[in-house]
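Everything numeric in this text was worked out from a predicted model, so none of it was measured. Lettering of chains follows the sequences in order, A, B, ..., and the numbering in each one begins at 1. Atoms considered below: every heavy atom in the structure, side chains included; atoms not considered: hydrogens, waters and symmetry mates.
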Amino acid sequence: MTLLAIRDLTVSVRGPAGKTTILDRVGLSVEPGGAVALVGESGSGKSLTAFAAMGLLPAGARVESGSVLFEDKNLLELRERELCAVRGARLAMVFQEPSAALNPVYTIGSQISEAVRLHQSISRRDARALAERWLADVGMPAPSRAYDSYPHELSGGMRQRALLAIALIAGPSLLIADEPTASLDRTLEAQVLELIAEQRRKRKMALLLVSHDLATVSEVTVRVVVLYAGEVVEEGPTASMLDAPAHPYTQALVASIPDPSKHGQRRLGQRAPLLPVLPGAPPRFDMLPPGCRFAPRCDQAFDRCAAERPPLYATSAGGSVRCFLYDTKAEAAS
Amino acid sequence: MSDDLDLAQQKRPVLLRVDELAKVYTVRRGLLGRKKQLAHALAGVSLDLKKGETLGVVGESGSGKSTLGKAIVRLVEPTYGRIVFDGVDITHLPDKRLIPFRKRMQIVFQDPYSSLNPRMIVKELAGEGLQLFRLAKGTELDDRVGAALTRVGLGMDMLDRYPSELSGGQRQRVAIARTLAVEPELVICDEPTSALDVSVQAQILNLLSEIQSDSNVAYVFISHDLRVVELMSHRMAVLYLGKIVEMGPSHDVAERRLHPYTRALFDASPVLGPGVDGKTRLLLKGEPPSANAPPSGCAFHPRCPRAEAGKCDLEAPPLRSVKDNLAHQVACFFPG
């Protein structure tokens, strides 16, 4: 059974110029205990997909079609009260900016206890004991003191740990993490990702990690979904995505990650090695190209790409890719 | 490296020399702010930079890397120490006499969303330096602004746009064009690509490299991203709590990682491909201690796996050259 299945999700926003489709038939699935990364650059629609999956679409955004099946319930059809029973308990989320996700006027402890007491009947004292255990579990130094602290008294790394404790304490079967380490240092990022991976193994929890950084997600996820201009352009096992990316966009993304190990010591007067560059910028959602959305920036594009929208084709690595280069039937015909 | 090359490198003129530079802030605490505490954002940093050279500076937040960049161009007044630019001690130059040096030393900030005045159009932003230093006016000003914008890959259709109409990458290009227009000899790049997507980052890094090979400008390249710093720099300095703990040729520092903190930084940097099983990584425990209560002895000892009681917690290790490579320095009693 698939734990989370997003199918053909289409989301539009209403602006001054009318309705614009932002997500176009996005699909992805997470197996129980699985770890999937949702990768894309700013404006690709990755966060919107995650928010839609939680039933937390921003004002002005509307689901046009599609479904979000979580544990066999379509979250898009649930009423707010039914959704609340799922959200937090079975499905938890950590956000990018821990200082914005925590309420500044309540102590960390009361915010963690709230998360427990909302979903199970438990006494105040037991809730505190449980919360402190969890704070210790997510690597919070001096959990008892942290329990009585206000968010501003903690550092960024500790706030993210507290948020993680809040998300995990109800024992969710899926954690959605939207760039959980974006505001942290590399050293803390490594700690927090390691922590998420450890908790996932320990509790057999599944993970959907939203990120703009392929290198970061490669360490903690098993499959990757790549989003470009509001649609899925490639999906597949993480290892093959980095070693042999199929879609020209993914290829460009992987190539643009600086890899100094390929170069030796630079001497004075010697210029720094140039990185392969993806020319241009993603299209605007109100001016999408008629064919493949990546075609205008693609160095492998041919006639068909400008005229027709490619469907998803299966790859040899066991994934799928939205690119005519992988249309085996067309190849056989010609 | 051949001996000839070694010699040629040594002969290059030194552009910038920084001696024991420190910045101490006074933090007031307690009721009515009567308790005073000293925070050492920079605790004595010495380095030099040759013309056309890039020195990378890495460290966690709070390591003092941004303070170092700002202190070099005197956006932050150093508490003690010396800054010598092209043979002139500029540490205490009054503002008026500093102006010619301001033209020669520029800075590019991390966040192009906040470093550009939202009420100015691209043309004004790019030409501000030229006007301020009275380097050009009239048609010459327009020509030089046009040339700088073309150089960074922005079209003439951008001239009348406001920053809010530009993407992050375009804004950073404007910020670079602005510094480039006055033809500086030193540019402090303070996390110039940290706010950008990877594909845009590649464009900006390439642009900075091209500019350097055209104009022989020197860079102090500050970033928390080790891969970027290693790629962009000739030499690299690792900063911890306001002090350099390791410095040397970038490749050498990256390969040998002599200081345990350098090793931890590199280990925290994600490797490409699933590396979950390779558990030889040195993950740092805890967070950097605060600069207003630095630990005794070696500042890194509370987080260090190699620390020895009675030595590292009592005595601060000096920054010393490594035996087999004079250009490579490390401040650790147990390097390796």
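- Proximity of Arg271(A) to Glu210(B): side-chain heavy atoms (C-beta onward) are separated by under 4.5 Å at one or more points.
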Item to complete: Just do the side-chain contact (heavy atoms from CB on, under 4.5 Å) check on Val198(B) and Leu214(A) with the steps written out, would you?
Response: CA-CA 9 Å; Val198(B) 244; Leu214(A) 256 176; over 6 Å; no

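- Checked by atom type and distance alone, the side chain of Asn206(B) never pairs as donor or acceptor with a backbone atom of Leu274(A) at under 3.5 Å.
- Chosen from Ser261(A), Gly157(A), Ser155(A), Gly264(A), the residue pairing most often with chain B at heavy-atom distances under 4.5 Å is Gly264(A).
- Summarising the local packing, NZ of Lys202(A) is surrounded by more than 12 heavy atoms from other residues, nucleotides or ligands at distances under 6.0 Å.
- Nearest heavy-atom pair across Arg12(B) and Leu268(A) is CD-CD1, 3.4 Å.
- Thr54(B) touches chain A through its side chain: at least one heavy atom from C-beta onward sits under 4.5 Å away, while N, CA, C and O do not.
- Atoms CD and NE2, from Gln270(A) and His234(B) in turn, are 7.0 Å apart once rounded to the nearest 0.5 Å.
- With rounding to the nearest 0.5 angstrom, the CZ atom of Arg266(A) is 7.0 Å from the CE atom of Met232(B).
- Other residues, nucleotides and ligands contribute over 12 non-hydrogen atoms within 6.0 Å of the NZ atom of Lys46(A).
- Of the possible donor and acceptor atoms, none in the side chain of Gln203(B) sits under 3.5 Å from a partner among the backbone N and O of Pro279(A).
- Atom CD of Glu189(A) and atom NE2 of His224(B) lie 7.5 Å apart (nearest 0.5 Å).
- Here the shortest heavy-atom pairing between Ser209(B) and Ala272(A) reads OG-CB, 3.5 Å.
- Both the backbone and the side chain of Met158(A) come within contact range of chain B, with heavy atoms under 4.5 Å apart.
- Val200(B) and Glu41(A) get closest at one heavy-atom pair: N-OE2, 4.4 Å.
- Annotation: Arg145(A), atom CZ; neighbour count of heavy atoms from other residues, nucleotides and ligands within 6.0 Å does not exceed 12.
- The residue among Gly269(A), Ala281(A), Ala252(A) with the most heavy atom pairs within less than 4.5 Å of chain B is Gly269(A).
- For the atom pair CG of Leu275(A) and CD1 of Ile204(B), the computed distance is 12.0 Å after rounding to the nearest 0.5 Å.
- Smallest separation of non-hydrogen atoms from Ser250(B) and Gln265(A): N-OE1, 3.3 Å.
- Within a 6.0 Å radius of CZ in Arg17(B), no more than 12 heavy atoms belonging to other residues, nucleotides or ligands are found.
- Residues of residues 212-221 of chain B lying under 4.5 angstrom from chain A, judged on non-hydrogen atoms, are Gln212(B), Ser213(B) in numerical order.
- Summarising the geometry of Pro258(A) relative to Leu231(B), their closest heavy-atom pair is CB-CD2, 4.0 Å, with the distance given to 0.1 Å.
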